[in-house]
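Chain A is the first sequence line, chain B the second, and so forth, proteins listed ahead of strands; every chain is numbered from 1.
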Protein chains: 2
Amino acid sequence: MARPREFDEGVALQAAVDGFWSQGYGAASTRDLAARMGLTTASFYNAFGDKRGLFMKALDQYLSGTLSQRIARLDQLPPRQAVAGYLADVVERSLGDPQRRGCMLINAALDVTAQDPDIRAEVAGGLGEIRAFFLRHLQAGQADGTISSAQPAEDLSHLFLSVVVAMRVMARLHADRDQLEGMARPALALLGP
Amino acid sequence: MARPREFDEGVALQAAVDGFWSQGYGAASTRDLAARMGLTTASFYNAFGDKRGLFMKALDQYLSGTLSQRIARLDQLPPRQAVAGYLADVVERSLGDPQRRGCMLINAALDVTAQDPDIRAEVAGGLGEIRAFFLRHLQAGQADGTISSAQPAEDLSHLFLSVVVAMRVMARLHADRDQLEGMARPALALLGP
DNA sequence: GCGGTTCTGTATCGCTCGCTCCAGTTAAAT
DNA sequence: ATTTAACTGGAGCGAGCGATACAGAACCGC
């Protein structure tokens, strides 16, 4: 019936993720985003609505890509290794990015976008997924005795989430490996011998 | 020699702190800031140079006000109470702010301003002060036996900093008391009985 | 190959941004 | 009282912003 798109929506969206990730919502201009995505202004607005809509789609893509993939991979491990593995993964990702962009989800939490209820809900949902991952494995580990039950799994899951969040913030400030691993060590000590 | 200022620099600067705090660096326009501060554009630039300069002065004011005062107050307490008191203080401040602005210092860490080396250094310095506070009291507590020495004070100080950072991030997402105190409880458990 | 529909490319729109300029005002120094 | 230097008020600069308009190009079903 009509002329087909000349670009791949998924590829373009990933370029938008990169743009928002490294520049933040406010600082990423629609012109720059469109250029990164290889689109003209018209195609940009035609395909993605407006800047806010694009951001929400980009956040979706980030969550269902980076985050969900990591969780799925670590879910295969025994509880204790899954928990420790998540922290180790965050350290490596943080140190491995020369741009020190941190985590798009956590960056968004402190961005102005957090004043937008829809976006705030999506960010809170993403962080909730991370906490649910920790809670799931902490409970499993406490059930099979590989993780100490001295602290409630609920509380521990909050603590592990807070370590992840803080690592990502510190990573943006060019924290080194000692600082990041220093955060993780005492938290992991709570899991018991 | 000349006409004196009609405004108080400290009062105006505090208004700028509020503006940057609630809106962030990028989203706070010079027009809005000047209006909050009760200044015309000319006086604004005359007195504070430019937006970036104002932000750095505002960050200074925030650090030497809010942060240093809290540290000075808690330094009077015994080590264990000082550490626990800091966390309790952050919880109350976070929940007590109806705007949920979090902490200006930590907001700045994830703002675009963090790409500016000078600002990043100042933010890192502020966070370093918080960690130094924890380290000081953790070491004192380990020395007098009121705090467990099972974990190195260095590592613990990183963990407590990460709890503070994460609390402030979560506060912006309207986290409730359970979440914030859930982060604190296991961390405090590491201090021993 | 033709009609209809959706795409692309470019030229803007109206607005706000950070910042500057300058005439006019004020008050200390002489 | 005059000079002089700093401050005030407000207009306005160029640039960039998010978003739109519209003409033409490309493809599908027929």
Side-chain angles (χ1 to χ4, degrees), chain A residues 1-59 107-108 111-119, chain B residues 1-59 107-108 111-119:
Chain A
M1 282 280 275
R3 179 175 175 181
R5 293 244 159 89
E6 290 182 3
F7 62 94
D8 178 76
E9 209 159 318
V11 172
L13 198 49
Q14 187 56 46
V17 168
D18 289 341
F20 281 126
W21 194 351
S22 53
Q23 301 187 244
Y25 179 82
S29 74
T30 54
R31 280 166 178 76
D32 183 73
L33 287 167
R36 283 173 180 267
M37 300 161 80
L39 304 185
T40 61
T41 323
S43 303
F44 176 89
Y45 281 97
N46 200 12
F48 297 102
D50 60 2
K51 187 181 180 181
R52 181 176 171 279
L54 175 64
F55 183 75
M56 297 201 65
K57 283 175 188 146
L59 203 49
N107 295 353
D111 208 326
V112 205
T113 52
Q115 287 171 13
D116 181 316
D118 291 343
I119 294 177
Chain B
M1 282 276 278
R3 180 177 174 181
R5 291 242 160 92
E6 290 181 3
F7 62 93
D8 179 79
E9 211 160 316
V11 172
L13 197 50
Q14 187 56 46
V17 168
D18 289 340
F20 282 126
W21 194 351
S22 53
Q23 302 187 245
Y25 179 82
S29 73
T30 54
R31 280 165 178 75
D32 183 73
L33 287 167
R36 283 173 180 268
M37 299 162 81
L39 305 184
T40 62
T41 322
S43 302
F44 176 90
Y45 281 96
N46 199 10
F48 296 102
D50 60 4
K51 189 182 180 181
R52 181 176 172 280
L54 175 63
F55 183 75
M56 297 201 66
K57 282 175 188 147
L59 202 50
N107 295 353
D111 207 327
V112 205
T113 52
Q115 287 171 13
D116 180 317
D118 291 343
I119 294 178

Note to self: Between A/Asp116 and A/Arg52 (salt bridge meaning N to carboxylate O under 4.0 Å), is one present in this structure?
What the structure shows: yes
Note to self: Expressed as a whole number of angstroms, how long is the span from B/Asp8:CG to D/dC7:P?
What the structure shows: 14 Å
Note to self: Whole angstroms only, please: what is the CG-P distance between A/Asn46 and C/dT8?
What the structure shows: 7 Å
Margin query: Just the rounded figure in Å: distance from C1' of C/dG9 to CZ of A/Phe44.
Written below: 16 Å
Notebook entry, point to check: A/Tyr45 OH to C/dC7 P: how many Å, rounded?
Noted result: 17 Å
Notebook entry, point to check: Between A/Leu13 and A/Asp8, does a side chain to side chain contact (heavy atoms under 4.5 Å, CB included) hold up when you go through it step by step?
Noted result: CA-CA 9 Å; A/Leu13 198 49; A/Asp8 178 76; over 6 Å; no
Margin query: Under 4.0 Å, counting only non-hydrogen atoms across every strand here, what does A/Ala28 touch: a base, just sugar-phosphate, or nothing?
Written below: sugar-phosphate
Notebook entry, point to check: In residues 47-56 of chain B, which residues come under 4.0 Å of DNA chain C by heavy atom?
Noted result: B/Asp50, B/Lys51
Notebook entry, point to check: Between CZ of A/Phe48 and CE of A/Met56, what distance do you get to the nearest 0.5 Å?
Noted result: 15.0 Å
Check: Considering only heavy atoms from C-beta outward, does the side chain of B/Phe20 approach that of B/Leu59 to under 4.5 Å?
Finding: no
Notebook entry, point to check: Could you state the interatomic distance from CG (B/Asp111) to OH (B/Tyr25), rounded to the nearest 0.5 Å?
Noted result: 9.0 Å
Next item on the list: Compare side-chain N and O positions of A/Ser43 against OP1 and OP2 of C/dT8 and report whether any pair is under 4.0 Å apart.
Entry: yes
Check: Okay, side chain of B/Gln23, backbone of B/Leu33: is any donor-acceptor separation there less than 3.5 Å?
Finding: no
Identify each atom pair where a protein N or O and an N or O of nucleotides 10-16 of chain C are less than 3.5 Å apart, giving names and distance.
none

Next item on the list: State, with a plain yes or no, whether a side-chain heavy atom of B/Thr41 is found less than 4.5 Å away from one of B/Arg31.
Entry: no
Check: How many Å lie between CG on A/Leu33 and P on D/dG18, as a whole number?
Finding: 8 Å
Item checked: Within-4.5 Å side-chain heavy-atom neighbours: A/Met37 and A/Phe7 -> no
Next item on the list: Tell me what A/Phe7 touches on the nucleic acid: a base, only sugar-phosphate, or nothing, going by heavy atoms under 4.0 Å.
Entry: sugar-phosphate
Margin query: Mind checking if B/Ala34 touches a base, just sugar-phosphate, or nothing, with heavy atoms under 4.0 Å?
Written below: nothing
Checklist line | Nucleotide D/dC17, atom C1' - distance to CD of A/Gln23 in whole Å | finding: 14 Å
Note to self: For the CD1 atom of B/Ile119 and the CZ atom of B/Phe55, what is their distance to the nearest 0.5 Å?
What the structure shows: 5.5 Å
Next item on the list: Would you kindly give the CG-to-P distance between A/Leu39 and C/dG9, to the nearest whole Å?
Entry: 9 Å
